[in-house]
Chemist: 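For reference, the structure I am asking about is given below.
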Protein chains: 2
Amino acid sequence: MATNETTNGETELLHDDEVHPAADCRAMGQVLDRIGDKWTIMVVGALSHGPMRFNALMRRIGGVSHRMLTLTLRRLERDGLVKRTAFPTIPPRVDYELTPLAHSLIGPLAALAQWGEDHRVEIEQARAEFDQRTTEK
Amino acid sequence: MATNETTNGETELLHDDEVHPAADCRAMGQVLDRIGDKWTIMVVGALSHGPMRFNALMRRIGGVSHRMLTLTLRRLERDGLVKRTAFPTIPPRVDYELTPLAHSLIGPLAALAQWGEDHRVEIEQARAEFDQRTTEK
DNA sequence: CCGGATCCCTGTCGATACTG
DNA sequence: CAGTATCGACAGGGATCCGG
């Protein structure tokens with residue numbers, strides 16, 4: 001399901017020059033396949049405050065469809081990032097919360113978010129300049 | 001272009017409880033819209049060693065089509081992350097290199113990649129257990 | 001050697017409706 | 001309230017050809 005990897009995913013005989021960067025890239029590919037989609041990090045962010053019920057999450061995030069929230073939570077649960085607790089009451093109640101594994105992810109994620117905050121203006125500026133250069137010419 | 005944001009992008013009156021996490025999530029959304037696609041981080045990784053020509057990049061990355069590499073490089077150039085230098089020789093020669101802005105991104109990115117490396121096994125294990133639980137029952 | 005344009009297929013997402 | 005199934009719309013991405 002990743003970008004491209006051998007069946008093994010371990011032995012990759014490149015030409016000969018470098019090894020570490022390729023490993024980094026594959027690791028990044030793995031990570032992005034897990035959190036790079038549209039809603040995953042939103043869910044993680046929302047759950048970082050503590051456990052939440054399904055509809056609470058949906059309202060908290062906003063814009064996410066019933067279906068996609070379900071799928072996203074399923075995937076997160078499958079990867080061991082979210083703990084799902086169902087109370088067999090009527091009406092049913094299901095709590096979602098981050099696992100320790102997910103909490104360990106928040107640090108690096110926040111670093112990236114910080115980078116986005118810090119350089120948002122630069123990027124928008126670069127875009128504006130680029131667009132102007134290309135459209136006018 | 002992002003996931004979902006107000007016209008302003010700044011004033012977002014939530015219920016009342018928290019403010020910072022929402023900002024973080026939006027920032028993350030911005031970042032992921034830029035680097036969350038299939039090839040961007042591969043290109044950044046490949047270019048982190050130094051300037052490279054188009055076909056060298058293509059061979060270095062492997063699996064990327066001519067078209068997608070072009071598009072990815074264009075987007076990176078537009079965002080001010082890649083510097084494109086064309087030599088009007090025959091045959092033409094074009095060098096791509098990361099800008100300082102892109103280099104400042106590598107740190108946080110590497111942190112995330114490191115996280116992926118560190119927890120890959122845990123995740124795969126969680127997956128295996130989840131799949132077994134769901135298929136057998 | 002490099003970039004753009006076109007065609008087409010596939011996966012992903014949203015809306016809706018239905019079960020427990 | 002929580003989850004599932006189905007369907008249709010749409011964009012991402014690969015192959016290929018052509019032009020500088």
Side-chain angles (χ1 to χ4, degrees), chain A residues 1-5 29 32-43 46-47 51-78 82-97 130-131 133-135 137, chain B residues 1-4 29 32-43 46-47 51-79 82-97 130-131 133-135 137:
Chain A
M1 292 66 177
T3 49
N4 58 343
E5 64 176 359
L32 285 182
D33 278 348
R34 296 204 163 71
I35 65 157
D37 68 287
K38 200 175 180 183
W39 299 112
T40 298
I41 50 105
M42 301 289 189
V43 173
L47 284 179
M52 258 189 167
R53 301 183 54 176
F54 186 89
N55 281 338
L57 264 175
M58 200 160 155
R59 267 172 281 127
R60 186 81 170 76
I61 293 176
V64 63
S65 68
H66 192 155
R67 182 182 122 98
M68 285 317 295
L69 184 53
T70 304
L71 288 179
T72 304
L73 285 168
R74 274 279 173 283
R75 201 156 0 123
L76 283 170
E77 188 194 357
R78 190 170 102 104
V82 157
K83 170 90 176 299
R84 179 178 179 274
T85 313
F87 303 93
T89 58
I90 293 183
R93 167 195 176 138
V94 181
D95 276 19
Y96 292 94
E97 61 182 321
F130 183 91
D131 290 348
R133 247 181 298 144
T134 48
T135 52
K137 194 173 56 181
Chain B
M1 292 63 178
T3 50
N4 58 343
L32 285 181
D33 278 349
R34 297 206 162 71
I35 64 157
D37 68 286
K38 199 173 180 182
W39 300 112
T40 297
I41 49 108
M42 302 287 189
V43 173
L47 283 179
M52 259 190 166
R53 301 184 55 175
F54 187 90
N55 281 338
L57 265 175
M58 200 159 153
R59 265 170 283 130
R60 187 80 171 74
I61 294 175
V64 63
S65 68
H66 192 156
R67 180 184 124 95
M68 286 317 297
L69 185 54
T70 304
L71 288 179
T72 304
L73 285 168
R74 273 280 173 282
R75 198 151 7 116
L76 283 170
E77 187 193 358
R78 188 170 104 103
D79 291 345
V82 156
K83 170 91 177 298
R84 178 177 179 273
T85 313
F87 302 92
T89 57
I90 293 184
R93 165 195 175 139
V94 183
D95 274 21
Y96 293 95
E97 62 182 321
F130 182 91
D131 290 348
R133 248 181 298 145
T134 49
T135 52
K137 195 172 53 178

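Reminder, nothing fancy here: chain letters follow the sequence lines and each chain counts from 1.
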Chemist: With B:W39, which of B:L69, B:L76, B:I61 fulfils side-chain contact (heavy atoms from CB on, under 4.5 Å)?
Modeler: B:I61
Chemist: For nucleotides 12-14 of chain D, give me every protein contact, N/O to N/O, under 3.5 Å, one pair per line with atom names.
Modeler:
unit_1 : atom_1 : unit_2 : atom_2 : d
D:dG13 : N7     : B:R67  : NH2    : 2.5
D:dG14 : OP1    : B:K38  : NZ     : 3.3
D:dG14 : OP2    : B:S65  : OG     : 3.4
D:dG14 : N7     : B:R67  : NE     : 3.3
D:dG14 : O6     : B:R67  : NE     : 3.4

Chemist: Counting distance only, does the side-chain N/O of A:T70 pair as donor-acceptor with the main-chain N or O of A:H66 below 3.5 Å?
Modeler: yes
Chemist: On DNA chain C, which is the earliest and which the latest nucleotide, 5' to 3', with an atom closer than 4.0 Å to a heavy atom of chain B?
Modeler: C:dC1 to C:dT6
Chemist: Take atom CE of A:M52 and atom C1' of D:dC1, then tell me their distance rounded to the nearest Å.
Modeler: 16 Å
Chemist: Starting at the 5' end of DNA chain C, which residue's closest nucleotide do you reach first, A:H66 or B:R74?
Modeler: B:R74
Chemist: For Watson-Crick and G-U wobble pairs within 3.5 Å on both distances, what is DNA chain D written in dot-bracket notation, | included for inter-strand pairing?
Modeler: |||||||||||.||||||||
Chemist: Would you compute the distance between atom CG of B:L57 and atom OG1 of B:T72 and round it to the nearest 0.5 angstrom?
Modeler: 10.5 Å
Chemist: Under 4.5 Å between any side-chain heavy atoms of B:K38 and B:M68, yes or no?
Modeler: no
Chemist: Could you give the distance from CZ (B:R93) to CZ (B:R53), rounded to the nearest 0.5 Å?
Modeler: 5.0 Å
Chemist: Any side-chain heavy atom of A:E97 within less than 4.5 Å of one from A:L47?
Modeler: no
Chemist: Distance check needed: D:dC1 P versus A:R84 CZ, whole Å only.
Modeler: 16 Å
Chemist: Is A:R59 close enough to D:dC1 that one of its side-chain N or O atoms is under 4.0 Å from OP1 or OP2 there?
Modeler: no
Chemist: Using side-chain heavy atoms (C-beta onward) and a distance below 4.5 Å, is B:R74 in contact with B:R84?
Modeler: yes
Chemist: Rounded off to whole Å, could you give me the CZ-to-C1' distance for the A:R53 and D:dA2 pair?
Modeler: 9 Å
Chemist: A:P92 or A:T70: which one's nearest nucleotide on DNA chain D is closer to the 5' end?
Modeler: A:P92
Chemist: Would a 4.5 Å heavy-atom cut-off, applied to side chains only, mark B:V82 and B:Y96 as touching?
Modeler: yes
Chemist: Using whole Å, report how far CG of A:L69 lies from P of D:dA2.
Modeler: 10 Å
Chemist: What is the nucleic acid contact for B:Y96, judged by heavy atoms within less than 4.0 Å: base, sugar-phosphate only, or nothing?
Modeler: sugar-phosphate
Chemist: Could you tell me if the side chain of B:D79 sits less than 4.5 Å from the side chain of B:R34, heavy atoms only?
Modeler: yes
Chemist: Could you measure the distance from the CZ atom of B:R75 to the CG atom of B:D37? Nearest 0.5 Å is fine.
Modeler: 4.5 Å
Chemist: Can you measure from CG (A:L73) to CE (A:M52) and round to the nearest 0.5 angstrom?
Modeler: 11.5 Å
